[in-house]
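Convention: sequence-line order gives letters A, B, ...; per-chain numbering from 1.
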Amino acid sequence: MNTNNTTSTHHEHRDDAARKMGMWLFLFTELLLFGGLFLVYSIYRYLNPEDFSNGSHHLDVFMGALNTMVLITSSLTVALSITAIQKGNKTLALRLLAATIFLALVFLVNKYFEWGHKIHYDLYPGTDLFKALPPGEGLFYVLYYFMTGLHMLHVIVGAIILAVMGKYIKDDKITKDNYVLLENGGLYWHLVDLIWIYLFPLLYLIH
Amino acid sequence: MNHSIPSGGFFDNEGKPAWLAWLTTTDHKRIGLLYFYSLTVFFLVGVILGLLMRLELINPGKDLVEAQTYNGLFTLHGVIMIFLFVIPGVPAVFGNIALPLLLGARDVAFPKLNLLSWYLYIGGAILALSTLLVGDGPPDTGWTFYAPYSVKTGTNVSMAVLAAFILGFSSILTGLNFLTTIHRMRCPGMSWFKMPLFAWALYATSWIQLLATPVVGITLLMIVVERWLGIGLFDPALGGDPVLYQHLFWIYSHPAVYIMILPGMGVISEIMPTFSRRRIFGYKAIAYSSLAIAFIGYFVWGHHMFTSGMSGPARIIFSILTFLVAIPSAIKVFNWLATMYGGSIDMKPPMLYALGFIFLFLIGGLTGLVNGALATDVHIHDTYFVVGHFHYVMFGGTGFAFFAALHYWFPKIYGRMYDVKAATRAFWVLFTGFNVLYFPMLVVGMMGMPRRYYDYLPQFHLPNLISTVGSWITVAGLIYMIVVLVKGYRKGATASANPWDGLTLDWQTDSPPSKENFDTIPTVTEGPYEYK
Ligand code: HEM
């Protein structure tokens with residue numbers, strides 16, 4: 001058989017449905033990653049109801065609620081950005097994307113103050129204060145740091161992804177008829193948002 | 001004319017230096033081979049560690065290594081064999097090479113991601129192996145990293161655990177890639193039920209990889225965090241629950257044993273019809289049983305913990321569910337046997353390995369039922385019976401399926417044929433050695449010898465001696481097999497495109513296939529095994 005003419009049959013084939021499917025599958029794995037933590041959280045909460053309740057009383061509901069608002073708004077802006085690019089409005093899409101990244105930064109700054117406040121009062125693993133806490137309350141804070149920390153990492157990664165998408169829009173790699181990358185970036189961002197929507201009540205609201 | 005190494009087809013480097021062409025390739029066949037070569041190296045390292053352990057166990061008392069060294073040996077042996085050999089094993093090597101060919105596609109859905117998985121695999125492997133060289137010695141927890149010991153031991157657990165995390169990520173990406181490939185890239189005419197059974201097996205496997213691996217990922221991260229910050233996620237002294245760790249670990253690691261075995265079963269389902277010249281018996285039953293195994297496999301993890309503190313009802317439920325898995329597994333075995341019935345069976349090496357698989361997997365599966373039954377498990381838990389059992393399934397099952405796949409697709413990959421007679425002899429040496437090595441373990445386990453010790457009571461001497469001799473025969477068989485294959489690779493006769501008269505699409509293209517696999521994308525009208 002002659003295999004020399006392969007270059008002619010080689011074409012850049014694009015399958016948007018496949019790319020989106022890949023993204024959805026990846027999101028499942030992310031959910032399960034956090035799922036493991038949710039499981040650990042619920043079991044320790046069940047074993048130490050008092051301590052967990054005490055712990056959650058010390059979290060700042062206002063800050064948490066503020067950050068929830070910030071993230072929900074950012075999900076809106078990223079969704080609008082996708083619609084804008086679908087309509088071919090590059091400038092608007094870029095602006096909305098910038099707004100999303102800005103909101104991500106606001107979220108991170110808030111988190112910085114929230115964590116900083118606790119760390120200021122020696123409320124972190126290793127300190128004498130922390131060691132003196134009842135074990136259940138210690139677990140609560142450990143899980144608090146772990147879950148919000150892992151989530152924060154996702155916020156940072158998500159913001160970087162969106163920044164790269166912005167660059168692609170600028171370079172016309174993402175356009176009116178080829179926007180699946182941006183959609184995937186948006187999907188990832190919604191996931192980050194979604195996980196927070198579970199973290200917020202679990203950690204801050206349920207007493 | 002034969003050159004000393006295969007060329008042509010996808011082996012053409014297109015003018016690039018060979019190392020660059022290989023390390024930057026996105027061709028699924030090359031990536032499969034990259035996996036194959038690296039995996040073989042790690043497998044051999046694992047085998048050497050196994051040999052050392054068997055040598056230590058040749059007599060009671062200390063012969064070769066200290067207790068601590070022995071603990072490191074079995075941990076590293078376990079980690080290498082599980083995370084670097086059997087889990088990636090068949091899917092990463094033969095899935096990568098064969099899946100697009102079987103589906104009539106030019107590549108997998110995400111070729112670059114595919115290469116990334118390989119780099120992650122290598123990164124994880126290097127991290128795992130370097131626990132030997134740096135820090136405070138190799139981990140000594142066993143491959144299961146049970147808390148609280150794993151959070152307390154001074155050895156290099158964090159690195160090993162991070163390695164497992166990275167390897168898990170690599171495995172997830174492979175699964176994601178295959179799922180999308182199977183959904184989106186089947187050639188025209190190939191409906192779900194015209195898909196070869198190996199593809200079905202990979203499909204079920206990929207779902208497990210995708211949905212189970214993250215759970216162990218986060219669990220292992222918790223171990224690392226616990227070690228670094230000195231907090232009590234699993235350490236009971238600090239309020240944690242060590243049994244919870246076991247649950248989380250097995251929620252992944254039990255489904256993971258189906259990641260190991262399902263692709264192997266898929267290979268057997270390809271080989272059986274080809275070498276019996278018959279349509280596969282019960283195509284749909286085999287396809288569905290893969291899904292059933294994947295599904296039920298999620299709900300049986302508790303059977304690893306019958307003796308670690310679980311309520312009576314939980315144990316009974318887990319035991320019953322465990323028995324359920326035997327049903328789809330047995331469906332497959334019966335269908336393979338029925339396929340052979342009345343066929344004209346051709347005892348070529350792939351078929352021999354496939355039959356070896358069935359025989360050894362049968363022993364592994366039946367001893368699995370002994371473990372899965374509550375009453376007997378309490379007696380044999382943590383004994384050599386378990387060690388015998390899982391070597392029968394993982395080595396005798398998946399390992400032999402891997403060798404079957406290797407002998408089956410070898411001519412397709414390299415366009416050369418190995419010496420069939422010599423390969424047959426190698427099989428018999430390996431098969432004999434295998435049973436001499438592991439059968440005594442089942443016996444001595446029943447007699448009560450616990451696992452994971454470098455020493456044992458004098459009454460266990462004879463079976464241990466036999467087993468150690470068996471390990472030499474096994475390794476002789478492995479070496480023989482490798483020599484035969486390397487000779488075939490270097491000097492073997494040119495193989496035709498379809499030396500086994502296979503009917504699936506992989507055999508309808510050149511050997512070795514071109515970079516694009518097919519000149520024109522094929523269209524299928526019939527099922528995959530329509531032998532007339
Ligand atoms: C010539 C080949 C091999 C030899 C001689 C060998 C020998 C052994 C021995 C003696 C043990 C028991 C250690 C103990 O409990 O004290 C062991 C454990 C183990 N082997 Fe192998 N083995 C071989 C191949 C394999 C293969 C191919 C696999 C997987 C596919 C494998 C997977 C394991 C695992 C997972 C353990 C348990 C480690 C632990 O307890 O944490 N072995 N092996």
Show the numbers, then the answer: is there a side chain to side chain contact (heavy atoms under 4.5 Å, CB included) between A:Thr29 and B:Thr213? CA-CA 8 Å; A:Thr29 72; B:Thr213 319; over 6 Å; no
Is chain A contacted by the side chain of [X], its backbone, both, or neither, given a heavy-atom distance below 4.5 Å?
X        : answer
B:Phe169 : side chain
B:Leu248 : side chain
B:Leu210 : both
B:Tyr252 : neither

What is the distance from atom [atom1] of [X] to atom [atom2] of [Y], rounded to the nearest 0.5 Å?
X        : Y        : atom1 : atom2 : answer
A:Leu25  : B:Leu176 : CG    : CG    : 5.0 Å
A:Arg19  : B:Thr180 : CZ    : OG1   : 12.0 Å
A:Trp24  : B:Leu179 : CH2   : CG    : 15.5 Å
A:Lys131 : B:Ile231 : NZ    : CD1   : 12.5 Å

At under 4.5 Å between heavy atoms, what parts of residues 135-149 of chain A are in contact with chain B? List them by residue number. A:Pro135, A:Leu139, A:Val142, A:Leu143, A:Phe146
Heavy-atom contacts under 4.5 Å, residues 163-180 of chain A to chain B: none
Please identify, among [options], the residue contributing the most non-hydrogen atom pairs under 4.5 Å to chain A.
options                                : answer
B:Leu229, B:Val215, B:Leu238, B:Leu211 : B:Leu211
B:Ala497, B:Gly239, B:Gly8             : B:Gly239
B:Leu113, B:Leu233, B:Leu221           : B:Leu233

Would you say [X] has more than 12 foreign heavy atoms packed within less than 6.0 Å of its [atom1]?
X        : atom1 : result
A:Lys20  : NZ    : no
A:Phe130 : CZ    : yes
B:Tyr119 : OH    : yes

Does any pair with a residue in residues 216-229 of chain B pass side chain to side chain donor-acceptor pair (under 3.5 Å), and if so which ones, sequence neighbours excluded? B:Ser158-B:Arg227
Which atom pair, heavy atoms only, marks the closest approach of [X] to [Y]?
X        : Y        : result
A:Val40  : B:Met222 : CG2-CE, 3.6 Å
A:Ala18  : B:Arg184 : CB-CG, 3.7 Å
B:Asp241 : A:Tyr44  : N-OH, 2.8 Å

Counterpart residues, side-chain contact (heavy atoms from CB on, under 4.5 Å), relative to A:Met23 (two or more places apart): A:Phe26, A:Leu27, A:Asn184, A:Leu187, A:Tyr188
A:Leu32 versus chain B, the contacting section by heavy-atom distance below 4.5 Å: both
